[in-house]
Amino acid sequence: STANACLEAAAKNNSPVMIQTSNGGGKFICGKSVKDVHAAAAGSIALAYHVRAVAKYYGIPVVLHTDHCAKNLLPWFDAMIAANKEYFDKFGEPLFS
């Protein structure tokens, strides 16, 4: 995945990295054929979980950025904020940086 490529490049250069998810990126991660209104949020959240699960193996600091959003994309952003709160309540740290 692109996220893995970013992690690998950062590790090779001993550099921290910021990985950003976007509405379109979230849709792509969920699957381009998925037409559900929540697909972008599901994909963005899945990416965050994936990066959190594997980042420790690269030995570099990683920041997960949620991107900004236009008003019409607020449901996508709100879903990520809800997932962030749920993750924080469970683990004591945010899912997205």
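- Met18 and Tyr58 fall into different hydrophobic clusters, where Ile, Leu, Val, Met, Phe, Trp and Tyr residues are linked whenever their side-chain heavy atoms come under 4.5 Å apart, directly or through other members.
- Minimum interatomic distance between Lys35 and Lys32 (heavy atoms only, all atoms of both residues): NZ-O, 3.4 Å.
- In terms of heavy-atom proximity, Leu95 sits nearest to Arg52 at O-NE, 3.2 Å.
- Below 30°, between 30° and 60°, or above 60°: for Phe91 and Tyr87 the angle between ring planes is between 30° and 60°, a tilted geometry.
- Linking Ile, Leu, Val, Met, Phe, Trp and Tyr residues whenever their side-chain heavy atoms come within less than 4.5 Å leaves Leu47 and Phe88 in two separate clusters.
- Glu86 contributes atom CD, which lies 13.5 Å from atom CD1 of Ile81 (distance to the nearest 0.5 angstrom).
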Please step through side chain to side chain contact (heavy atoms under 4.5 Å, CB included) for the pair Ile60 and Ser15, ending with a clear verdict.
CA-CA 6 Å; Ile60 46 114; Ser15 173; 6.0 Å; no
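- In terms of heavy-atom proximity, Cys30 sits nearest to Ala39 at CB-O, 3.3 Å.
- Between Leu64 and Ala48, the closest heavy-atom pair is CD1-O, 3.8 Å.
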Criterion side chain to side chain contact (heavy atoms under 4.5 Å, CB included) on Val51 and Val62, from CA distance to verdict:
CA-CA 8 Å; Val51 169; Val62 179; 3.7 Å; yes
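- Looking at every heavy atom in both residues, Trp76 comes nearest to Cys69 through CZ3-CB, 3.6 Å.
- Checking side-chain atoms of Ser44 against main-chain N and O of Thr21 turns up no donor-acceptor pair under 3.5 Å.
- Separation of atoms CZ (Phe96) and CE (Met80) is listed at 5.5 Å; rounding is to 0.5 Å.
- Atom-to-atom distance recorded for Ile45:CD1 and Ile29:CD1 is 11.0 Å, nearest 0.5 angstrom.
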Might you work through the side chain to side chain contact (heavy atoms under 4.5 Å, CB included) test for Gln20 and Thr66, ending with a clear yes or no?
CA-CA 6 Å; Gln20 175 179 307; Thr66 57; over 6 Å; no
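- Rounding to the nearest 0.5 Å places NZ of Lys27 at 11.0 Å from CG of Asp36.
- For CG of Asn14, the number of neighbouring non-hydrogen atoms (other residues, nucleotides, ligands) closer than 6.0 Å is 12 at most.
- In this structure, the side chain of Asn13 engages the main chain of Ala9 through a donor-acceptor pair within 3.5 Å.
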Please lay out, stage by stage, how Glu8 and Lys12 fare under the test salt bridge (charged side-chain N to carboxylate O under 4.0 Å, His left out).
CA-CA 6 Å; Glu8 186 175 332; Lys12 284 182 180 177; 3.2 Å; yes
